[in-house]
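Notes to accompany the following structure.
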Amino acid sequence: MELPAKYDPALTEDKWYAYWLENKFFHSEPDEREPYTVVIPPPNVTGILHMGHVLNNTLNDVLVRKARMDGKNACWVPGTDHASIATENKVVQKLAAEGIKKEDLTREEFLKHAWEWKEKHGGIILSQLRKLGASCDWDRTKFTMDPDLSDAVISTFVYFYNKGYIYRGVRMVNWDPVGLTAVSDEEVVHKDTVSKFYHLRYFISDGNGNPTDKYIIIATTRPETIMADAAICINPADERYEWLKGQKVLIPLINKEIPIIEDSYVAMDFGTGCLKVTPAHDVNDYEIGMRHNLPVLDIIDDHGRLNEKAQILVGEDRFDARKKIVGMLQEAGNLEKMENYTSPIGYSERTNAVIEPRLSMQWFLKMDELAKDALESVESGAVKLIPDKYRNTYRHWMENVRDWCISRQLWWGQRIPAYYLPDGQVVVAETAEAALEQAQKINAAYTAEDLRQDEDVLDTWFSSWLWPISVFDTYKAGHPEAEPNADLAYYYPTNDLVTGPDILFFWVARMIMAGNEFMNDVPFRNVYLTGIVRDKLGRKMSKTLGNSPDPLDLIAKYGADAVRLGMLLCSSAGNDILYDESQIEQGRNFNNKVWNAFRLVTGWTVDAAAAQPEASAVAVKWFENKLSQVVETVNDHFAKFRISDALMTIYKFFWDDFCAWYLEAVKPAYGAGIDKVTYDATIGFFDALLKMIHPIMPFITEELWQNMSERQPGETIMTQRYPQAKAYDADFIAAFEMACEAVAGVRNIRQSKGLSPREALELKVKGAFPMEVAPVVTKLANVNIGVAEGDMSAAQRFMVRTVEMFVPMEGLINVEEEIKKLETDLAYYQKFLASVRGKLSNERFVANAPEAVVAVERKKESDALSKIESITASLNALKK
RNA sequence: GGGAGCAUAGCUCAGUUGGUUUAGAGCAUCUGCCUUACAAGCAGAGGGUCGGGGGUUCGACUCCCUCUGCUCCCACCA
């Protein structure tokens with residue numbers, strides 16, 4: 001078979017992915033093997049693949065494929081997340097573009113549109129993952145709103161409600177006026193924002209609601225909320241405002257009389273020391289209001305517009321109202337001054353709208369007990385975070401967690417299974433029928449018509465926190481007492497979770513809580529936290545910057561294997577990835593290297609009569625030993641999740657050790673055949689190398705493995721065993737390295753003297769060179785090796801460790817230059833010797849340092865001495 | 001405002017209980033090669049007072065303090 005000189009991934013990738021699917025190699029069923037389980041961090045169902053997904057899923061796939069080849073029963077469960085607020089937003093926008101307003105639709109009509117949208121766009125990302133080579137068990141694909149997964153969510157709600165962990169209450173929540181829903185604290189992003197600090201005059205009332213000429217100044221960033229002011233608050237210790245106590249002031253523009261109150265919350269050194277208290281629109285103010293029994297006046301509606309309670313500017317958006325009211329205040333003589341002011345403002349993570357703190361009735365889940373256990377899971381090491389610097393962050397969050405607001409004023413999601421009765425009571429049950437039964441216990445006359453289900457749905461994370469359980473067993477979530485089904489019993493807990501640190505709390509921590517609660521065991525053993533993919537300038541990749549390449553374009557251009565390797569090259573755990581297309585080029589180049597090595601080896605013809613050359617025998621012995629050593633190193637890297645180290649070890653093993661040294665050492669002369677012993681060994685090594693590379697580059701390795709010899713239908717490299725490390729001879733490996741250094745030394749001399757590699761040279765050795773590896777030096781350096789005797793001053797000299805090597809070259813030696821070079825070397829070693837002797841003559845060093853360390857220093861000393869001696873000898877010879 | 005982390009070659013990073021020569025890798029750079037697998041390549045080479053200062057130690061890239069510069073997380077001073 002004739003292979004082209006350049007590898008074309010387009011010809012192989014789809015073919016082999018289809019083959020893997022056809023043969024169901026990704027599919028897993030429980031059996032007697034040890035399981036290796038991973039659940040995918042479910043991407044948004046309508047999302048499309050971005051570089052972050054590529055990084056994450058490549059890492060995941062590498063781990064899964066490695067485990068599979070280590071003989072484990074690997075199961076990688078894929079799926080998608082319904083992402084309630086994000087998806088609902090997209091549907092609302094799509095409908096808006098068609099002139100349909102959400103308000104005009106019923107819940108059922110809207111959900112019909114949403115499901116249509118999901119059917120149309122859902123799962124695109126999963127097909128994109130196939131292009132990347134992800135070896136997910138697609139038969140197990142799940143969606144967080146699959147009917148049975150939704151049932152699990154509802155059961156979970158009922159379970160926690162009955163346990164007393166879920167309660168409903170009026171609280172100050174983070175209101176998203178664009179998404180029209182409350183969001184959790186974690187969904188609020190604080191960004192420093194430049195705004196204005198308005199200094200407003202509030203005139204003192206004369207007692208009858210008329211202004212006097214005295215006033216105080218209040219500093220605020222939100223003048224549009226003054227109509228909702230319930231009081232002005234000062235610090236009781238503030239002497240400046242002693243005179244104010246007991247007075248009343250008038251709200252500008254509407255002349256409403258409000259009291260002066262005192263509360264030590266107010267900072268005397270901030271602003272003017274006078275705080276306007278607006279309980280409905282600020283969390284702190286709300287708390288002050290509670291302490292002082294102030295009325296709560298809510299003047300902002302769901303959309304962030306002023307309502308009729310504001311009396312003025314009714315119907316205006318809060319930001320328009322702010323501009324307008326400033327003008328009005330100025331005209332009325334209430335604006336003292338305004339200054340620029342930068343302060344952190346909360347934005348909705350999903351819609352980027354400025355969060356409006358707002359009082360509303362919401363459902364909450366108590367977190368204190370759950371958080372305590374989840375913290376313990378990480379502190380005890382039951383769950384390992386990689387890198388472990390995240391333990392600190394995790395602890396901090398778990399110790400300061402607040403109750404989780406789980407209700408969302410949306411339609412896309414699992415509807416809260418709470419039913420309101422005409423008498424105001426609430427019943428919570430998994431179904432409407434069960435709810436009615438409960439209701440009838442309260443009043444037998446109630447009928448289904450009397451029950452009104454809560455309009456809200458649950459936070460998306462309230463379903464995804466069940467993911468490692470519910471993808472296997474949808475009944476167990478919400479029913480801790482139930483026996484797990486066979487799948488869950490076998491696959492849980494999962495082994496590794498690969499995800500971004502940005503959802504450590506949203507998702508990872510909550511999965512640990514759910515796991516502890518329902519399974520009495522953690523959901524995974526290791527959490528590998530990736531970095532964020534940035535461009536090479538360090539900027540986060542984003543659509544607006546346009547600095548995010550489309551992974552599918554990259555795959556089309558370079559091949560999935562190249563993209564995978566390119567992403568992994570620079571991905572140490574927890575560190576951000578500075579993505580640069582040159583890394584993917586490097587991946588492509590490596591593909592090509594592997595391809596061409598294969599062309600070379602399979603192009604050889606075996607000469608059955610040929611005896612094995614000595615150099616080949618040495619090379620085979622060396623590579624056998626080296627292979628075991630490298631497999632050992634690679635396994636160690638994998639065990640410690642040092643994936644990029646594992647990759648680089650394999651990369652260098654293939655490129656440097658195998659191609660540059662081994663293949664060159666065993667390569668037959670042009671046109672000649674290769675002996676069978678060497679050929680078989682080489683094919684064996686290639687086979688092992690392909691297996692080692694396979695988890696990283698699955699496509700090209702399958703292609704070559706299939707081409708290497710006749711394969712039966714249904715055979716695959718995917719399920720072959722990873723090479724095993726055997727005992728190896730480290731001394732022999734070291735000896736071979738000396739041979740390589742000798743070859744490099746000769747090549748260096750050829751280069752500096754302009755000598756062709758074809759011209760055979762003499763190499764004279766002085767010292768303890770391991771002669772068993774000499775045949776390799778002979779072949780690769782094209783030299784005849786002999787022992788150095790007599791005057792070597794007419795030879796070019798170099799050293800391999802402590803062995804002196806000479807390449808005689810009468811007439812080509814530049815004596816001046818050689819002397820200079822030797823003198824530089826001599827100076828170096830003399831200085832080095834001095835520093836070593838400095839140490840050795842220090843009694844405290846000799847007394848305190850471990851014996852081995854001292855021995856090393858003595859070895860350094862003797863090595864340096866012997867080098868100085870040989871350099872001096874050469875110098876003397878030259879100077880004669 | 002509170003907390004955490006980082007700073008090592010031009011770039012991206014290793015450096016695994018403080019001791020294997022006077023610090024490593026990949027990429028990039030320079031030099032010479034179209035050598036019959038591969039120019040997406042081959043052979044060689046250069047390049048770092050380990051952010052600054054101080055301390056502990058026989059010994060510090062590694063531990064402690066401090067300064068500087070970045071990054072991230074958390075956070076209700078209007």
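All values derive from a computational prediction rather than experimental measurement. Below, chain A is the first sequence line, B the second, and so on; all start at residue 1.
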Quick one: is B:A40 close enough that its OP1 or OP2 comes under 4.0 Å of any side-chain N or O from A:Arg588?
no
Mind checking whether A:Phe658 and A:Phe654 have parallel, tilted or perpendicular rings, split at 30° and 60°?
tilted
Under 6.0 Å between ring centres, would you say that holds for A:Phe590 and A:Tyr651?
yes
Any A:Asn596 side-chain nitrogen or oxygen under 4.0 Å from OP1 or OP2 of B:G41:
no
Between A:Lys593 and B:C42, is there a contact of a side-chain N or O with OP1 or OP2 at under 4.0 Å?
yes
Side-chain N or O of A:Arg844 closer than 4.0 Å to phosphate OP1/OP2 of B:C58:
yes
Can you see if the side chain of A:Trp655 gets near the phosphate of B:C42 - specifically, an N or O under 4.0 Å from OP1 or OP2?
yes
May I ask you to say what A:Ala847 touches in the nucleic acid, namely base, sugar-phosphate or nothing, with a heavy-atom cut-off under 4.0 Å?
nothing
State whether A:Asn392 places a side-chain N or O below 4.0 Å from either non-bridging phosphate oxygen (OP1 or OP2) of B:C73.
no
Check whether any side-chain N or O of A:Tyr651 sits under 4.0 Å from OP1 or OP2 of B:C27, and answer yes or no.
yes
Evaluate whether atom CD of A:Glu339 has more than 12 neighbouring non-hydrogen atoms of other residues, nucleotides or ligands under 6.0 angstrom away.
yes
By a 5.5 angstrom centroid cut-off and a 30 degree plane limit, is there stacking between A:Phe832 and B:U21?
no
Is there a side-chain polar atom (N or O) of A:Lys667 under 4.0 Å from OP1 or OP2 of B:A37?
yes
Picking from A:Lys859, A:Lys860, A:Lys867, what satisfies side chain to side chain donor-acceptor pair (under 3.5 Å) with A:Asp863?
A:Lys859
Just N and O in the side chain of A:Tyr7: are any of them under 4.0 Å from OP1 or OP2 of B:C38?
no
